Each structure stands twice: as structure tokens, then as C-alpha cells.
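The block underneath contains the structure these notes are about, expressed in C-alpha cells.
The shown structure was predicted, so the numbers you read here are calculated from the model rather than taken from an experiment.
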Amino acid sequence: MVVSDSDASGGEQEQGDTGQKPEGTSRPVTAAARRERRATARPAGKSAARADDKTRPSGKSGEKAASDAKGAPTPKRDQKPKKASVFARLVRFIREVWAELRKVIWPNRKQMVTYTAVVLVFVVFMVALVSGLDLLFKWGIGHIFG
């Protein structure tokens with residue numbers, strides 16, 4: 001008995017007389033082993049499989065297949081889909097806005113007071129800064145040209 005690296009259970013696994021794993025017990029580990037396993041499971045080539053397949057339509061795809069298979073041809077690419085009415089689009093827009101507003105986490109009263117105080121302090125600071133610079137420039141221009 002030999003322990004396999006690919007055995008997930010960590011147990012032991014019996015091997016045949018050839019020294020290889022029994023077929024179908026585990027998946028191939030390497031890409032080369034997967035390719036080899038796929039090659040033995042399918043016909044020699046894709047063209048051979050297609051030649052044997054009688055369910056495929058003959059000729060160019062789209063001539064008979066579109067009319068026979070599903071009944072409706074594929075729409076042209078340059079045709080634009082019809083728009084809904086203005087009223088329907090407006091109602092849809094309002095519904096989407098309402099849905100987005102429900103997702104918002106609204107601040108409570110304490111957070112609102114804190115945010116308002118921060119904004120007011122910032123506005124007072126900016127007014128003071130701009131007023132101070134205005135007075136400084138007024139004084140400097142008065143001394144230079146005055």
C-alpha cells in the first residue's frame with residue numbers, strides 16, 4: 001500500500017498491478033494529467049465529432065436556423081428599443097430615488113448638533129481669515145500708493 005499525495009483523507013489507497021491508480025478514483029493533480037485524461041475521453045478531433053453529428057444544420061448559420069429553431073429572427077443592431085412614456089419614466093425615477101433614500105443612514109439628534117457646530121465653527125474661521133487678509137491688503141495698498 002502506498003499513500004497518495006492527492007488523497008485528501010490522508011488514508012492509504014491501493015494500486016493495481018501496473019503501479020498506477022485505479023481509474024475514476026480521484027481527479028488528476030497536474031494540468032498534463034488532466035489533458036491526457038480528456039484526450040482519452042473524447043474522439044480524435046472536433047471535426048470528426050461534427051461530421052458524425054446529424055443534429056447540426058447544414059449551410060450558413062442564420063439562414064434556416066433562425067426561422068426554424070425559435071421562430072423569431074434576431075433584431076437588427078441599429079434598431080433602438082422603444083422608450084417608455086414620460087410619465088412611466090418619471091414614476092420609475094421617483095421610485096429609484098425613494099429606494100436610495102431608504103438606504104441612507106440618517107444622523108440622530110446628537111450627531112446633527114455636532115455636525116452643525118463643526119460647520120458653524122469652520123464658517124466663522126473662514127470669515128475671520130478672509131476679513132483679516134482683506135484688512136491686511138487694504139493697509140498694505142494704502143501705504144504703498146497712499
Could you pull out all residues at least two apart from E100 that satisfy side chain to side chain donor-acceptor pair (under 3.5 Å)?
->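 By the side chain to side chain donor-acceptor pair (under 3.5 Å) rule, E100 matches K103.
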The side chain to side chain donor-acceptor pair (under 3.5 Å) partners of R92 (sequence neighbours excluded) come to E96
| Going by side-chain heavy atoms closer than 4.5 Å, which hydrophobic residues are tied to V124, directly or by a chain of links? |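 For V124, no cluster forms, as it stays isolated from other hydrophobic side chains.
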Applied to residues 80-100, the ring pair (Phe, Tyr, Trp, His ring centres under 6.0 Å) test, sequence neighbours excluded, yields none
Residue pairs meeting ring pair (Phe, Tyr, Trp, His ring centres under 6.0 Å), one or both in residues 115-141, sequence neighbours left out, come to W139-H143
Set of residues satisfying side-chain contact (heavy atoms from CB on, under 4.5 Å) with respect to [X], sequence neighbours excluded:
X: A117; answer: none
X: N108; answer: K110, Q111
X: A128; answer: none
X: V123; answer: V119, V127

Between R89 and A84, which heavy-atom pair has the shortest distance, and what is it?
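Where R89 meets A84 most closely, the heavy atoms are NE-O, 3.2 Å.
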(Q) Check for me, please, whether M126 and V121 land in the same ILVMFWY cluster - side-chain distances under 4.5 Å, paths through other members count. (A)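 Not linked; separate clusters.
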Exercise for the section: Nearest 0.5 Å please: distance from the OG1 atom of T30 over to the CZ atom of R37. Expected result: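 Spacing of OG1 (T30) from CZ (R37) equals 11.5 Å.
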| query | Out of curiosity, L101 CG to I94 CD1, how far, rounded to the nearest 0.5 Å? | reply |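 Going from the CG atom of L101 to the CD1 atom of I94 covers 11.5 Å.
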